[in-house]
Amino acid sequence: DIHGVEEEESRTTYDNDVDLEDNVLDHIVLAVPDLDEAMDQFEEMAGIRPTPVGPLQGLGAKTAHVGLDENRYLELLAPDFDNPGPLGEELAQLEKGTITPYYYSIRSSEVSRLIEGYIYDVLGWDPDHIAMVQALPDKSIRQWDILTMYGHDVGGVAPCYIKWKNPAHHPTATIALKATLTNCIVQAPK
């Protein structure tokens, strides 16, 4: 559940303090088949317009964000037909008009340790560690490491782990606070 914030509470790129606490929710990703339609649909449902961010190079996807409190955000993830890639092909298969929970991301400064000592050895899942780079509209570069997991059988949506290279480049540093997250339920049916 999200609730919009009052105009006077909105933060801007000029007064946003980014505090990237470890082991907390960073963002929630919602997969959509068409970004423009999903932004309209999200605004109609929540009364909040997501901010387009740009392409994820090499993946064939583009995003839009909704700034949340406590340096968290929602991300709409859609195929980028101008820059094809494997993720975009997967997203293009989604049913028209749907907004689907895709994954949620936990901040962790220990991504390497999680791969080597826990995810594969203890859980028996297959880790996929990717170093990401995103060129932003203002020509700055955003970098992060992301660790996703495959081979789990818990059902529902498994978390991924994220380590931002520079807190000043965290998405919440450049998007206005539009809502507060009051409730988030994650289910693992098994």
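Taking CH2 from W144 and CZ from R107, the interatomic distance works out to 14.5 Å, rounded to the nearest 0.5 Å. Distance OG/S105 to CD1/I146: 5.0 Å, rounded to 0.5 Å. Between the CG atom in L177 and the CG atom in D69 there is a gap of 6.5 Å [rounded to 0.5 Å]. Going from atom CG of D80 over to atom OG1 of T63 covers 9.5 Å, rounded to the nearest 0.5 Å. Separation of atoms CG (L77) and CG (L87) is listed at 5.0 Å; rounding is to 0.5 Å.
Shortest non-hydrogen contact noted between L94 and P33 is O-CB, 3.7 Å. Smallest separation of non-hydrogen atoms from I28 and C184: CD1-SG, 3.7 Å. Considering every non-hydrogen atom in both L25 and R72, the closest pair reads O-CG, 3.2 Å. In this structure, P79 and G88 approach most closely via the heavy-atom pair CB-O, 3.4 Å. What you find for A179 and I48 is that their closest heavy atoms are CB-CD1, 3.6 Å. Residues P50 and L76 come closest through the heavy atom pair CG-CD1, 3.7 Å.
A search for side-chain hydrogen bond (donor to acceptor under 3.5 Å, both in side chains) contacts involving E37 returns K96, not counting sequence neighbours.
Cluster partners of V133, by chain and number: I141. The rule joins Ile, Leu, Val, Met, Phe, Trp and Tyr whenever side-chain heavy atoms lie under 4.5 Å apart.
The closest donor-acceptor contact from the side chain of R142 to the backbone of H169 lies under 3.5 Å. Judged by distance alone, with hydrogens and angles left aside, the side-chain atoms of N71 form no donor-acceptor pair with the main-chain N or O of L20 at under 3.5 Å.
The local environment of NZ in K163 is sparse, with at most 12 non-hydrogen atoms from other residues, nucleotides or ligands closer than 6.0 Å.
D145 and W164 share no side-chain donor-acceptor pair at under 3.5 Å.
Residue pairs meeting the ring pair (Phe, Tyr, Trp, His ring centres under 6.0 Å) criterion with at least one member in residues 68-93, sequence neighbours excluded: H27-Y73, H65-Y73, Y73-H170.
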request  = List the steps, then state whether side-chain contact (heavy atoms from CB on, under 4.5 Å) holds for L147 with C160.
outcome  = CA-CA 5 Å; L147 171 61; C160 71; 5.9 Å; no

inquiry  = Between R49 and V66, does the side-chain contact (heavy atoms from CB on, under 4.5 Å) criterion hold? Intermediate values first, please.
reply    = CA-CA 7 Å; R49 182 83 181 166; V66 174; over 6 Å; no

request  = Begin from the C-alpha positions of E95 and T100 and carry the test side-chain contact (heavy atoms from CB on, under 4.5 Å) through to its verdict.
outcome  = CA-CA 10 Å; E95 183 180 335; T100 305; over 6 Å; no

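At a threshold of 4.5 Å between non-hydrogen side-chain atoms, the residues F42 and L74 count as touching. When side chains are defined from C-beta on, D26 does not count as touching I106, because their heavy atoms never get closer than 4.5 Å. You'll find the side chain of I99 reaches within 4.5 Å of the side chain of Q41, heavy atoms only.
Under the 4.5 Å side-chain heavy-atom criterion for Ile, Leu, Val, Met, Phe, Trp and Tyr, Y161 and V24 are members of distinct hydrophobic clusters.
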